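Okay, so here's the structure we're looking at.
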Amino acid sequence: MEQHALVFALIGVLGIGAQWIAWRTGWPAIALMLAAGVIAGPITGLIVPEQIFGELLEPMISVAVALILFEGGLSLNFRELRKTEGAVTRLMMIGIPLGWVLGALACYYVAGLVWPVAILFAGILVVTGPTVVIPLLRQSNIAARPRAILKWEAIVNDPFGALCAVITYEYLRRVDQGGTLISVVVALLGAAVVSGLIGYAMARAIAWAFPRGHVPEYLKAPVLLVAVIGTFVLSNLIQQETGLLAVTVMGVAVANMRLDSLRDIHPFKENVTVLLISGVFVILSASLNFEVLRLFEWRFAAFLLALLFLVRPATVLIALAFSKIPWNERLLVAWIAPRGVVAVAVSGLFALRLDQLGYGNGNILVTLSFAVVVATIIAHGFSIRFVARWLKVTGAMQKGLLIVGSTPWSIALARQIQSLGLPVSITDSSWQRLSAARQVGIATYHGELLAEATEERLDLSQFQVLVATTENEAYNALVCSEFAHHIGRDSVYQLGGSGDDHDHRSLPGALRGRAMFTAGHGVEDILRREAAGWTFRSTRISEQFNFDHARSALPDEADMLFVLRKDGRIRFFTHAARPMPQKGDIVVSYGPSRHADPEARLQFQNGEAVA
């Protein structure tokens, strides 16, 4: 029992550790998780999933994939789909059948598989899958439209790949009993429709029960998880592998019903998905058997090249022909198609079933699927950033700042940031207040930042930091609390809100952003300093002029505001954090103007302005 507990802990450490290393280094997380599983499994033997989980391994992985697909469906908004210019529909309606046909031809003529096995394996390979695409997109700076296309394709097409394999298997199983291809397809499509209706009905039930208070807040996340698993299992009882379609439909339906109750559940679901993706990758990678590599032949290498450079590009380019998608974005989508280790598990399952039906190539199927997974993860994982830059389909090369609230002080701050070469935007619900920012050439967004439409109109991925500077400190705290999950709690700042967490009269830290300035100045403090003529000043740190020198050159009452790192990252001085500038960094301070009339300047003692 203790050994099993150690293995569970090791799986968690390897999976999350690989994702953390990927975050720190910029390496593809999917490649690191694959390497971690292979090292812990077939190389060292520390993790042997078949011995630990036994017969529970397959259903456990299936449920995990179902939850991942559902959470992915929750991120699919039809407003985002409209931005893809019909590309996702084309990839479904044209790409899946075409990829299936081209893949089967490659499997038969290049890899040398017999026709039944070639057709089945090609069905498995028509899709990519969220377990590999989502971690890849999370670490890549890709423009919004190709990112949306790849995400939608991975999640929506994933169930159809399983259905393609099931159609082939069911036909092979029933052909000796007089079954025809039409009867098999009709039966499976009927089962798929029923499963989709089950998923939609469950989504409607959730949408009815949650807003009416029939489920308490503390049970909403557990009820949702159980509902997903129940929908998956029920659909699979009707027809194997249709459960993935049911949970995908359920996720997409719930996402587009605009339930306020789900806003608090989203972070929990995403955390669960990160854990599941990490665990699934490590477990299935550890399940790989190097013995199958002995069956690897030269023609398999030729098949991998055909899959990478012929089948996938031809499928995407033909499917997106005459569409509004630019050629550079089409080429990126045509190149990026990593397959996950789930394909190995599915291939192994169908290999055993094909052996029972008397068809060979079972072991070869496992070998080939393993080779496809490794080749696509390495090829696409390590090349996506280079290819995106080469095709000029990256997002903003340097992420900037979003300032909430157009005031004279925030406009002066934006101009200072702009002078340092960093992108900056100001948002406000008042068109009149934004006019001053527009007049000095600062990018603006007119609208209520907390409105739901903001998600469609404002791309938050272009910002590394949010600064709330309105004259309402409570609104500043609300904005920071709302967007801390999107931008990062350590990257949302506000004026005011630095009260003591133990003081019942102040907002707790979990409900506010990081307070700007080490003294945690509020709105009124800034207004007094602004009236006194205070200004911003930037200083570059060098070996000859270090941070201590920069600080001593300022007036005693001046405040350090933020540090701009050499790599473009920005960190504010707060009441709780004081970043240490290094050589090459730029320090921006806020203090009395050197040119102000000394008699008109205000001095500050204990935070109070005195003449």
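These figures come from a predicted structure and were not determined experimentally. Position 1 is the first residue of the sequence; numbering continues from there.
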>> Apply side chain to side chain contact (heavy atoms under 4.5 Å, CB included) to residues L420 and V588 and explain how you reach the verdict.
In response: CA-CA 10 Å; L420 299 175; V588 174; 3.7 Å; yes
Are any of the side-chain heavy atoms of [X] and [Y] separated by less than 4.5 Å?
X: L401; Y: F463; value: no
X: F536; Y: R415; value: no
X: D559; Y: R529; value: yes
X: I487; Y: V465; value: no
X: R438; Y: W431; value: yes
X: E153; Y: M92; value: no
X: N476; Y: T469; value: no
X: F547; Y: V563; value: no

Might you point out which heavy atoms bring [X] and [Y] nearest each other, and give the distance in Å?
X: R145; Y: I325; value: CD-CD1, 3.8 Å
X: T231; Y: A246; value: CG2-CB, 3.8 Å
X: Q494; Y: A477; value: OE1-CA, 3.3 Å
X: V492; Y: C480; value: CG2-O, 4.0 Å
X: R147; Y: L137; value: NH1-O, 2.8 Å
X: A227; Y: M250; value: CB-CE, 3.9 Å

[X] atom [atom1], neighbour heavy-atom count above 12 within 6.0 Å:
X: R204; atom1: CZ; result: no
X: E471; atom1: CD; result: no
X: R540; atom1: CZ; result: no

Give a yes or no on whether the backbone of [Y] and the side-chain of [X] come within a donor-acceptor separation of less than 3.5 Å.
X: T427; Y: Y445; answer: yes
X: E557; Y: P592; answer: no
X: R537; Y: S589; answer: no
X: E71; Y: V272; answer: no
X: E448; Y: L450; answer: yes
X: T25; Y: I21; answer: yes
X: R330; Y: S323; answer: yes
X: Q462; Y: P423; answer: no
X: D585; Y: I541; answer: no
X: H380; Y: I336; answer: no

>> Checking V387 against V393 for the side chain to side chain contact (heavy atoms under 4.5 Å, CB included) test, could you report, in this order, the C-alpha distance in whole Å, the side-chain angles of both residues, the deciding distance, and whether it holds?
In response: CA-CA 9 Å; V387 173; V393 289; over 6 Å; no
>> Would R528 pass as a cation-pi partner of W534, given that its NZ or CZ must be under 6.0 Å from the six-membered ring centre and within 45 degrees of the axis?
In response: no
Value rounded to 0.5 Å, distance of [atom1] in [X] from [atom2] in [Y]:
X: S425; Y: L466; atom1: OG; atom2: CG; value: 11.0 Å
X: Q19; Y: M33; atom1: CD; atom2: CE; value: 4.5 Å
X: S410; Y: I442; atom1: OG; atom2: CD1; value: 8.0 Å
X: L495; Y: T407; atom1: CG; atom2: OG1; value: 7.5 Å
X: T394; Y: F386; atom1: OG1; atom2: CZ; value: 13.0 Å
X: M560; Y: T539; atom1: CE; atom2: OG1; value: 7.0 Å

>> With side chain to side chain contact (heavy atoms under 4.5 Å, CB included) as the criterion, how do T444 and S406 come out once you've worked through the C-alpha distance, each side chain's angles and the decisive distance to 0.1 Å?
In response: CA-CA 9 Å; T444 61; S406 181; over 6 Å; no
> Should the ring pair Y590 and W409 be called parallel, tilted or perpendicular, given that the plane angle runs from 0 to 90° and is split at 30 and 60?
Replying inline: perpendicular
> Could you walk me through whether L422 and I586 pass the side chain to side chain contact (heavy atoms under 4.5 Å, CB included) check?
Replying inline: CA-CA 12 Å; L422 204 63; I586 296 176; over 6 Å; no
> Knowing that exactly one of V247, I229, I277, V280 qualifies, which makes a side chain to side chain contact (heavy atoms under 4.5 Å, CB included) with L67?
Replying inline: I229
> Are D567 and R565 within salt-bridge range, i.e. N to O under 4.0 Å?
Replying inline: no
